[in-house]
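Chain A is the first sequence line, chain B the second, and so forth, proteins listed ahead of strands; every chain is numbered from 1. Predicted, not measured: the structure shown is a model, and the values here were computed from it.
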Protein chains: 2
Amino acid sequence: MGDEEFLASYDPRAYDPVAVAIDVVALTIRDGALHVLLVRRGVPPQEGRWALPGGFVRSGAHAEGLDAAAARELAEETGVHADALDRVHLEQLAAYGAPERDPRMRVVSVAYLAFAPEMPEPRAGSDAADAAWTPVPSLGLTGHGSQRPGTTRRLAFDHAAILTDGLERARSKLEYTALATTFCAPEFTIPELRAVYETVWGEELHAGNFHRKVLSVPGFVESTGATSDRGGRRGGPRARLYRAGDARLLHPALLRPSREEEIR
Amino acid sequence: MGDEEFLASYDPRAYDPVAVAIDVVALTIRDGALHVLLVRRGVPPQEGRWALPGGFVRSGAHAEGLDAAAARELAEETGVHADALDRVHLEQLAAYGAPERDPRMRVVSVAYLAFAPEMPEPRAGSDAADAAWTPVPSLGLTGHGSQRPGTTRRLAFDHAAILTDGLERARSKLEYTALATTFCAPEFTIPELRAVYETVWGEELHAGNFHRKVLSVPGFVESTGATSDRGGRRGGPRARLYRAGDARLLHPALLRPSREEEIR
DNA sequence: CTAATAGTGTCTGTGAGACAATATATC
DNA sequence: GATATATTGTCTCACAGACACTATTAG
């Protein structure tokens, strides 16, 4: 049987139905704290709970690829428009497909990870009752994909586990890529960049060593020649301004100080 | 509307059908060359072409998770049995969902990456006309997800791109994890371990420096006290035997010598 | 015997991290 | 003026890579 003959006799509905969804872990930094974009579900199941923005991948006549679906969901369900999206880094995180993760039917979700500079408060989209940048520490994540008892905003489905994976990926990506600059405005100071690392990693870094290290990595940042119009928050000289360089990977890498625990 | 009421009225077949498949990039080392497990397709579409082993995820009554589906496909379509599987490392690679990647219907495939020690020749499973460990260099990969013109074994669908991604992931994983030992027998010598790195990375390493480096990373290997019963291939003293240690991550990492090209 | 290899020792350059010093902001 | 901060300098230790050396095995 040739391909044409086979395809004519092929019935896609002969199998048990499966849906493919997209969920986006969109991270940004606001007021010196790491925030994740959440929407409050306006429809069942789990109506009223907070969840990662997402939805089903379009198939059939208006079929779209996974990357396109993720960009669309991020824009659509939050009011972040396409022109702001090109300053957002978007990459695939992982696929989640436990049989009982969604009560409606078998849903396999492809999660994406987004790094965004500071953005306006989102407005809720179609199926969402609300949308908000939410401080990650307020979610009480345990590090094992669950939330501590008593946390106010319980996440829907397995979204706590997806978010945990996204955070770990983000922490790791800052080590060996130049993506920390995507959390910053187009022009930024080294102390601002250091604040990004400190916020995502959750540890304080040595200001002097960090400064020298960033400037020593080729292509990480390039000088604008200009100087910030204000000094540090609580005093100090004005810092020089930089923009992102052309390096995608940091070499040598900027490693987290303490990860002894994770080795074994 | 509550969850129960909503679910009773929910019709999964209202959407355009999508299938979720698994594809496995299974790598091993044979005769000093990197090999990937391929099956020759015994059914349309692309009947007769070589492809990554895989199949559709089971849904409905005998639903399985993604990891379980990958392990089942690897065992089923190749005759690698469950007892041999526990010496295989299996991890998720990425999801591929371009709308036209499969002519039958919309198929989103979740690819897995497997590292296996030397194994017997596979036997073809249900839908496969043949199965074989295939030398990766013989596939003429370009590094951009395509194959050089004139290559004998053209891979089906987008499997050349998936394989390219899997190889890059494998190269990268050897740098900062202890997974190189999963390519080896339970007891191995440092020169054998070095051969794994040289084969996957495609570059020769300095024997003396590699030896000292491996022993200096805590938990990478542990001595068995025994000694190999033969010397090197073309002479030299017998090497000492080691087994895999308890470290999952290498600290400090074992970096590839030359990756200047990939930075920008 | 000859050639290749396992394993160790040594040296040098780079870079990370601790600490210090100075100038310049904020409050 | 008191204090915090940006930036640069210095020192030390760890480590990667180059090279050298010895003992041991295959052919």
Between B/Gly236 and B/Pro252, name the one whose nearest nucleotide on DNA chain D is closer to the 5' end.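 The residue closer to the strand's 5' end, by nearest nucleotide, is B/Pro252.
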
Taking the six-membered ring of B/Trp201 as reference, does the cationic atom of B/Arg171 (NZ for Lys, CZ for Arg) lie under 6.0 Å from its centre and within 45° of its axis?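 No, B/Arg171 does not sit over the ring of B/Trp201.
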
Calculate the interatomic distance between [X] atom [atom1] and [N] atom [atom2]; express it in whole Å.
| X | N | atom1 | atom2 | answer |
| --- | --- | --- | --- | --- |
| B/Glu192 | C/dT5 | CD | P | 14 Å |
| A/His206 | D/dA6 | NE2 | C1' | 12 Å |
| B/Leu250 | D/dA16 | CG | C1' | 15 Å |
| B/Glu204 | C/dA4 | CD | P | 13 Å |
| A/Phe210 | C/dG17 | CZ | C1' | 14 Å |
| B/Arg233 | C/dA6 | CZ | C1' | 14 Å |
| B/Leu255 | D/dC15 | CG | P | 13 Å |
| B/Asn209 | D/dA14 | CG | C1' | 15 Å |

Taking 4.0 Å as the cut-off, does a side-chain nitrogen or oxygen of [X] come that near to OP1 or OP2 on [N]?
| X | N | answer |
| --- | --- | --- |
| A/His211 | D/dT7 | yes |
| A/Arg234 | C/dC27 | no |
| B/Arg230 | D/dA26 | yes |
| B/Arg194 | C/dA6 | yes |
| A/Arg256 | C/dG17 | no |
| B/Arg212 | C/dG7 | no |

Atom of B/Tyr96, atom of B/Ala111 and distance for their closest heavy-atom approach: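 That closest heavy-atom pairing would be CE1-CB, 3.7 Å.
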
Using every non-hydrogen atom in the two residues, find where B/Glu175 and B/Arg256 come nearest and quote the distance to one decimal.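 Residues B/Glu175 and B/Arg256, closest heavy atoms: OE2-N, 2.9 Å.
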
So if I take every side-chain heavy atom of B/Pro237 and compare against D/dT24, C/dA18, D/dA16, which nucleotide ends up nearest?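 Between D/dT24, C/dA18, D/dA16, the one nearest the side chain of B/Pro237 would be D/dT24.
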
Which nucleotide in the set C/dA25, D/dC19, D/dT8 lies at the smallest distance from any side-chain heavy atom of A/Arg238?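 Of C/dA25, D/dC19, D/dT8, C/dA25 is nearest to the side chain of A/Arg238.
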
Under 30°, 30 to 60°, or over 60°: which ring-plane class applies to A/Tyr197 and A/Phe220, parallel, tilted or perpendicular?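 If you compare the ring of A/Tyr197 with that of A/Phe220, the planes turn out perpendicular.
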
Given DNA chain C, 5'-ward residue of the pair A/Ser216 and A/Asp229, judged by closest heavy atom: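 Nearer the 5' end of the strand: A/Ser216.
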
With heavy-atom distances below 4.5 Å as the criterion, would you say the side chains of A/Tyr112 and A/Val25 are in contact?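 Answer no - side chains too far apart.
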
